[in-house]
Amino acid sequence: MNREIGRITKKVIRILELDYDKEQPIFIGDANIKHMQERHPLDFERYGQKMEDIIKNPTYLARNQKKKSIEFIKEYKTQSDDYVLIAVRVSNNGVHFARTMYIMADEKVKKYLKHNYFHKF
């Protein structure tokens with residue numbers, strides 16, 4: 001069952017220079033949740049209940065051109081400064097789904113910073 005967990009807002013559209021005329025809802029389905037639980041169980045256990053807040057109040061936004069996704073990244077000040085990423089992709093039917101969620105590896109955070117992939121929200 002799909003449920004809405006956020007929106008691609010006008011602010012996100014503007015920051016990422018997306019080619020959207022209006023805001024778009026973001027959904028999550030049972031298959032997406034199962035994927036997150038199986039592929040990133042500890043990350044999902046720790047941050048799964050915060051998905052709506054991550055999408056509504058990210059620290060950073062990014063676009064992954066290769067995977068054709070919009071990335072919502074929230075920095076949590078913990079012992080290790082977790083950067084939690086939710087990747088949103090468009091389905092074949094034109095619906096936006098949260099496809100995955102995980103804590104970014106330090107190397108990936110450094111790469112994003114070095115190449116200016118992060119856009120401050």
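Side-chain atoms are counted along with the backbone in the values below, which use heavy atoms only and exclude waters and symmetry mates.
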Which residue, Lys10, Arg14, Arg7, forms the salt bridge (charged side-chain N to carboxylate O under 4.0 Å, His left out) with Glu23? Arg7
Determine whether the side chains of His96 and Tyr20 contain a donor N or O and an acceptor N or O closer than 3.5 Å. yes
Straight-line distance of Tyr117 OH to Gln65 CD, nearest 0.5 Å: 9.5 Å
Donor-acceptor contact present, side-chain Asn93 to main-chain Val95, <3.5 Å: no
Are Ile15 and Leu18 connected, step by step, through hydrophobic side chains (Ile, Leu, Val, Met, Phe, Trp, Tyr) whose heavy atoms are closer than 4.5 Å? yes
Interatomic spacing from CD1 in Ile8 to NZ in Lys22 - rounded to 0.5 Å: 12.5 Å
Surrounding CG of Asp81 (heavy atoms of other residues, nucleotides or ligands, distance under 6.0 Å), is the total greater than 12? yes
Here the gap from Met36 atom CE to Thr100 atom OG1, rounded to the nearest 0.5 Å, amounts to 5.5 Å
Do you reckon Tyr112 sits in the same ILVMFWY cluster as Ile54, going by side-chain contacts under 4.5 Å, direct or chained? no
Co-membership, hydrophobic cluster, residues Met101 and Tyr76, 4.5 Å side-chain: yes
For Arg39, I'd like to know if atom CZ has over 12 heavy atoms of other residues, nucleotides or ligands within 6.0 Å. no
To the nearest 0.5 Å, what is the distance between OG1 on Thr59 and NZ on Lys77? 8.5 Å
So, for Ala62 and His119, which heavy atoms are closest and what is the spacing to 0.1 Å? CA-CD2, 4.3 Å
What one should report as the nearest heavy-atom pair of Ala98 and Ile26 is N-CG2, 4.0 Å
Would you kindly confirm whether Ile103 and Met51 end up in one hydrophobic cluster when ILVMFWY residues are joined by side chain heavy atoms under 4.5 Å apart? yes
For atom NZ of Lys111, is the number of surrounding heavy atoms from other residues, nucleotides or ligands below 6.0 Å larger than 12? no
May I have the step-by-step check of side-chain contact (heavy atoms from CB on, under 4.5 Å) for Lys56 and Thr9, ending in yes or no? CA-CA 9 Å; Lys56 186 175 183 180; Thr9 63; over 6 Å; no
Are Lys67 and Arg89 packed together at the side-chain level, in the sense that at least one heavy-atom pair is separated by less than 4.5 angstrom? yes
Which pair of non-hydrogen atoms, one from Met1 and one from Asp30, has the smallest distance, and what is that distance? N-OD2, 2.7 Å
Cation over ring, Lys74 on Tyr83, under 6.0 Å and within 45°? no
Counting only heavy atoms not in Gln49 (residues, nucleotides, ligands), do more than 12 fall under 6.0 Å from its CD? yes
Examine Lys11 relative to Phe121 and say whether NZ or CZ is less than 6.0 Å from the centre of the six-membered ring and inside a 45° cone about the ring axis. yes
Would a single hydrophobic cluster contain both Phe72 and Leu16, if residues Ile, Leu, Val, Met, Phe, Trp and Tyr are joined by side-chain heavy-atom contacts under 4.5 Å? yes
Quick check: do Val84 and Asp43 have side-chain heavy atoms less than 4.5 Å from each other? no
A quick test of your reading: do over 12 heavy atoms of other residues, nucleotides or ligands sit less than 6.0 Å from CD of Glu4? yes
So, taking the atom named NZ in Lys110 and the one named NE2 in His115, what distance separates them when rounded to the nearest 0.5 Å? 13.0 Å
Stepwise salt bridge (charged side-chain N to carboxylate O under 4.0 Å, His left out) check, Arg3 with Glu52: CA-CA 11 Å; Arg3 68 179 173 90; Glu52 291 181 29; 3.0 Å; yes
Straight-line distance of Asn32 CG to Ile5 CD1, nearest 0.5 Å: 8.5 Å
Tightest non-hydrogen contact, residues Gly94 and Val90, listed as CA-CG1, 3.5 Å
Are any of the side-chain heavy atoms of Pro58 and Ile73 separated by less than 4.5 Å? no
Could you walk me through whether Phe118 and Glu71 pass side-chain contact (heavy atoms from CB on, under 4.5 Å), step by step? CA-CA 9 Å; Phe118 281 146; Glu71 298 174 340; over 6 Å; no
